[in-house]
Amino acid sequence: MIVRPSLQDHRIVATYSGRIIAGFGLLMAIPILTAAVFSEWAHLVRFAIGLLVCLAVGLGLQAAGGRSGGLRKRHALIVVSVSWLLATALGAIPFWLSGHFGSFLDCIFDVMSGLTTTGLYLLQDLDHIPNSLNMWRFVLTFVGGQGIVVLALTFLFRGTSGTFHLYAGEGKEERLLPNVVNTARIIWLVSLVWLVIGTTILVACALALGQEPVRAILHGLWVFMGAFSTGGFAPQSYNTFWYHSLLFEIVCVMIFFAGSLNFALHWLIWRGDRREILRNIETRSFALTLTVLVTVASFGLARSGVYPDQISLFRKVFYQLISGHTTTGFGTVASRALVTQWGPVAMLAIIGAMIIGASSCSTAGGIKGFRMGVITKAFLLNIKGLLGPESAALTMRYHHGRDRLIDDDTARLALMVTVTFLTMHALVTFVGVLNGYPLLEAMFEGVSAASNTGLSCGVISPAMPWVMKLILTGAMWLGRFEFFAAFAFVGWIWSVIIGR
Amino acid sequence: MSTRIRSPRERDDLTHLGPATRITESISDRGVMLIQGMAAEVGFAALLICVGGVSCMMARWLAQ
């Protein structure tokens, strides 16, 4: 028998979701400030409306929920899902009021893309939008990288029981410290230290490229936010290709690679255990798959002779591949060139990189290097078992913070998430093909959305059928949560309808 | 001010110093560790670029 959630359950969800939404709304103070600085008064009013609506909804939900404690795991997963859905809808208000979007669904698509650090967009005339609107895009992607729940845990929750489930529900499972609130603060500390240093270097690069100081500061900040959150949003429609700078590309690679590292790994390295980066299963797995995929893509492109010299071949291949592998989505190749020039071999290599993704408990998406490493080791362990004597007790170790043994539970969970990801990729590709797109292009865009990458081969556009926009928005959401919170939300709705 | 990194035990045991010196020493230690940590992360990314360069070169050679 399915038990219908009680009124008390709904009140708990309302209280916590309301607090997160009110906190999310306060983020609109950043674009409001930007609008004030650049005298974009019409946009200041639009963001103020968005802020007021967020506060009204957030405080209203808290008032409806009252003083309800006892946050349990099932509540936490629903709180995470409800908060993200509400934040997406409410965060789209300033976009919709700006007049730069064809429909409200397009605004929803862009906000979901920002929060999930995907980087695909349907915004029109990106090169001429006001600074405040651009700032909101990058705030969404930067906060989404860390997680809006992690943000709320850092600033709004103090020692509330059950908060770990909120944290885990957002796709991050590792505790950096015993206290989950302190763990959330460490995540923000790492991000803010990188923000200061990374932005400074990018601003210096932009100044060296000849940008005027104010523009250099904005571009430095925005590109950092897009890179470290592995988001892929850029201030210009040509993405990072717009800068035409090798130095800029190298700095971007360093930043989005850092963003794709596990926050626990950052913390260990920063506390002095620098050898961990060479020993960790995630970084080893990443290095191996990146090298193989760079080789495959280089081989395909060298055969077709698109890039005549070694340097330009490596510069293009490595940047797109590591961008895809870290699920960033920055590109230095025009979208359609992937289809018309790169061809199937190189495109499949990028698809492979996007599917695998980077580290768990990072800003990146995809299946994650940890799961790929564990599945590979479990596979090898089984092969050894088949070849060895029957009485032999075989074990295999991997290093992730400390030495651990491969066990059935870890391997099963990794395999389960992997199979679910692959199924989603297949379904999204199928929907693309049903809508008339060629198989490879449908697969590329579908995988890019579901793995929260943001590279595009030109399918994503405002003229895309609304079904595709809806399916890709859902895929971004599912991919970001690694399914659990989203499935729990669907289960919750189902139990409300048919439960007793 | 020393740039030598103290062990965790040494770092926690700065009680023989005055409050201002203690805070400065602590910040200094953590700052050095942070810079070394970030350098390790950037160094690993540079290593990936080098390995990627070699593999790209090999692939091009194979393709020709």
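The sequence lines fix the lettering, A, B, ..., with proteins before strands; numbering per chain opens at 1. Computed from a prediction, not measured in an experiment: that's the story for all the values here. Both backbone and side-chain heavy atoms feed into the values below; hydrogens, waters and symmetry mates do not.
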Is [X] in contact with chain A via its backbone, its side chain, both, or neither, using a 4.5 Å heavy-atom distance?
| X | answer |
| --- | --- |
| B:M58 | neither |
| B:I49 | both |
| B:A46 | both |

If you look at every heavy atom in [X] and [Y], which pair is closest and at what distance?
| X | Y | answer |
| --- | --- | --- |
| B:E41 | A:F257 | O-CE2, 3.8 Å |
| A:V294 | B:G52 | CG1-O, 3.8 Å |
| B:A45 | A:M254 | CB-SD, 3.5 Å |
| B:A63 | A:R303 | O-CD, 3.6 Å |
| A:A287 | B:L48 | CB-CD2, 3.6 Å |

**Study point:** Among the listed options A:V253, A:V296, A:L313, A:V317, the residue most often paired with chain B at heavy-atom distances under 4.5 Å
**Key:**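 If we count pairs closer than 4.5 Å to chain B, A:L313 comes out on top.
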
Practice item. Determine whether the side chains of B:W61 and A:Q310 contain a donor N or O and an acceptor N or O closer than 3.5 Å. Key: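 No donor-acceptor contact under 3.5 Å links the two side chains.
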
**Study point:** Side chain to side chain, A:R274 and B:F44, heavy atoms closer than 4.5 Å
**Key:** no

**Study point:** Reported CD1-to-CE distance for the pair A:I311 and B:M57, which is rounded to 0.5 angstrom
**Key:**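 Rounded to the nearest 0.5 Å, the CD1-CE separation comes out at 9.0 Å.
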
Check your understanding: Looking at OG1 of A:T283 and CG of B:L47, how far apart are the two atoms once the value is rounded to the nearest 0.5 Å?
Key -> 10.5 Å

Review point. A:F314 versus chain B, heavy atoms under 4.5 Å apart: side chain, backbone, both or neither?
Key: both

Point to revise | A:I277 versus chain B, the contacting section by heavy-atom distance below 4.5 Å | key: both

Review point. What parts of residues 191-200 of chain A touch chain B if we use heavy atoms and a cut-off under 4.5 Å?
Key: A:V193, A:W194, A:I197

Practice item. Quick one: which of B:C56, B:G37, B:A59 has the most heavy-atom pairs under 4.5 Å with chain A, could you say? Key: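 Option with the top pair count is B:C56.
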
